[in-house]
Amino acid sequence: METKTSMGIGNAIDRVEGHLKVTGKAKYSSEFQIENKVYAQAITSTIAKGEIISVDTSEAEKQKGVLAIITYKNAEKLKTSDKKLPVLDVDSIQPVLQSPNIHYYGEYIGLVVAETFEQAQYAARLVKFEYKKETPKINFKNHREDAYRPKEESDYSRGNVEEGLAEADVKLEMTYNTPIEHHHPMELHAIIATWENGKVKAYASQQMIDNAAKTIAKTFQISKENVRVISPYVGGGFGSKLAAKQHVILAIMAAKKVGRPIQLTVTRNQMFTNTNLRQYNEQKMRIGAKKNGTLTALSHETLSHTSTYEEFQESCGAVTKMLYKVPNNLVTHRLVPTNLQTPFAMRAPGEATGSFALECAMDELAWKLKMDPIDFRIKNDTQTDLSNDKPFSSRLLKECLRIGAEKFGWKERNMEPATKTNGNWLIGYGVSGASRGAPYQKTSSKVILERKNQTVYATIQMDATDIGTGSYTIIAQTASEYLKIPVEQINVELGDSLFPVTPGSGGSWGAASFANGARMACLNAIKELKKKLNVGENEEISVEKLLTDNKLDKFEAEGTAEPSEEFEKHSVYSFGANFCEVWVDKDTGMYRIKKMVNVGACGKILNPKTSFGQIIGGLTMGAGMALAEQTRVEPNFGNFITRSFADYHVPVNLDMANIEVIFLPEEDKIANAMGVKGVGELGITSVAASIANAIFNATGKRMRDLPITPEKLIMAKKEIGVA
Ligand code: MOS
């Protein structure tokens, strides 16, 4: 019976690497025991804009154990961009210590290498810098005149929004604000780097191995073949580890200079300033509909910030282009360069923040129309993506809303706000739709079959990563499914650039890509073994018999999966809905999430247990967005006031409600051969909107600035009058 539960996909098996993790045997980047290793400590700037005019290393150099001090004065010359504001991507160069110029508070300005960690830390404090200061631009809202149209995916329109608004019986204009947030995975960014004979070996906590290798190769101007990146376990990333950041380059630079392996850990404090952030978005929404609820216009204009040296834009408006059937649609994004580090992708970049604005705006208009917000969404549902005229490969948004409403008990909701109470508590129900692209990318994999007596063991290799999501487990399940051997006989090896190339973990493409890649390797192995025996492809023969008949003890095969033409002809998304019940204290504005029901339609579920984990993580992060998460910037100096978990608040178990997660059965064969779509980022998308909408239902107050603190809530005015 035991083998049966660990066969194939779709079963809620435990994580195959779970035992390694709980016993501390799963090694994270900084845990590799490398002989002769020394430690580096990065030094960061204490001004936000200006120039270093002098560096004094004399005191630091005298300290015991100090091996090297690197600043812009003696750093090796790296590839730098010749473009103004190049777009930051996952494989961009990451030059560091290349000039005396300072672009933001906390920028790396030096590195100390010493025999011990403590020696490096101490000496780092003794390096003295003098600056010529300039006035930084910190708050983008004070520099609107600098706003420019970014290079990528910035603007979109169909129809004419002004005409659409003119046709509307009811229309609204609102602005929503989402603050700077940080990823803060539990595992700090870290690297152990060696440079030997022109070759780099880096144990580095990265989500995308191949792109990390590309960044390192391009920045040092060496061939990618000379770069090996190893990242078998990653303790969370949420986008912050998509690209190899500057600390990776710093460590390699130091390894080259000192001739010994270098360990460099980015401190929790430095993770505020040096591993990117989710940008502050000011989103102006205009929305209009006919009396019967038919949308006539939807406009989504986002103003945000980038750094003064690179461009990154979170596409908040992407979701507004495709989610509802609206003939007149406008989406714009504008950026103001400021003296903060470059923002970058954070879990569901664009959707998490954009859906907050869109799904609150939908709720606001539904209320003005005196329509149930679920009925309003269903009325404006579309099976075609109007932004590109492609049909959706599958879209169960309506079903998510209906089934969720049933499970949640939506019919108990009062339309009129502030009418459902329990003692001092005001009770509100809120809903939000969710969508997140289900990208799927070219993925290669290798399978090594080994026969020992009558048992076949398989090893699957690919450069995929497991960022806590369950990649090891679902890959093992996939191999089990197609080789028809138990999961216990499968060994999965990930996170090494020596293995076949995958897109890595990001953008919710991991599971679909890795599983389909592993599938192809397994199917190819079987096909090749059958061919050698002149056996028909469709004949049912066990892999054990195939090896035996071929007189083979070992056999290897590779396979590659990639998106089909059908995939390209469709819009491929995961859909969902989140339902939330909040209780707000009438006097203090303190509130509690009492219950959440999340429904997702995200293709074939490879493992319900790991998928639940993904959604629960997303819901928690989404609740963090609504309740507490916010990185505060000092307005004059540009440093972050929130510098640790003592002041950057995230939800704890007590904040999280009874959570019910439901996956609708779905197999989207257009998405890919296995019918798998992304789960990871769907969970966070629109949690914040469902909470804000529930708070309106509880109190009659529209909370358009995240996070919704009790202080803001108690100060807000009721807005329950109908237009
Ligand atoms: Mo995700 S923000 O693509 O790790």
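Bear in mind that the values here come from a model prediction, so they are computed numbers and not experimental data. Below, all heavy atoms of this structure are taken into account, side chains as well, without hydrogens, waters or symmetry copies. We count ligands from 1, going down the list as the structure has it; atoms in each ligand are counted the same way. The first residue of the sequence shown is numbered 1, and numbering continues consecutively from there.
- Aromatic ring centres of Phe238 and His183: separated by at least 6.0 Å.
- Checked against Ser513 for a side chain to side chain contact (heavy atoms under 4.5 Å, CB included), the options Ser445, Pro503, Ser505 give a single hit: Pro503.
- Here is the list of ligand 1 atoms found below 4.0 Å of a heavy atom in Pro349: 2 (S).
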* Evaluation steps, side chain to side chain donor-acceptor pair (under 3.5 Å), between Ser355 and Thr685 -> CA-CA 6 Å; Ser355 298; Thr685 302; 5.3 Å; no
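- Below 3.5 Å of separation, one finds no N or O of Gly506 facing any N or O of ligand 1.
- In this structure, the protein non-hydrogen atom closest to atom 1 (Mo) of ligand 1 is Glu681 OE2, 3.3 Å.
- For Phe640 and His182, the distance between ring centers is under 6.0 angstrom.
- Atoms of ligand 1 lying under 4.0 Å from any heavy atom of Ala345, numbered from 1 in the order shown and given with element: 2 (S).
- The ligand atoms of ligand 1 that sit less than 4.0 angstrom from a heavy atom of Gln207 are 4 (O).
- At a threshold of 4.0 Å, the pair Asp91-Lys224 does not count as salt-bridged, since none of the basic side-chain nitrogens sits closer than that to a carboxylate oxygen.
- Applying the 4.0 Å criterion to heavy atoms of Leu242 picks out, from ligand 1, the atoms 3 (O), 4 (O).
- Ring pair Tyr105/Phe272: centre-to-centre distance not below 6.0 Å.
- Looking only at heavy atoms of the protein, atom 3 (O) of ligand 1 is closest to Gly507 N, 2.6 Å.
- Using a 4.0 Å cut-off between a side-chain N of Lys or Arg and a carboxylate O of Asp or Glu, Glu351 and Arg436 qualify as a salt bridge.
- Residue contacts with ligand 1, taken as heavy atom pairs separated by less than 4.0 Å, do not involve Ile467 at all.
- Using a 4.0 Å cut-off to heavy atoms of Arg347, the atoms of ligand 1 that qualify are 2 (S).
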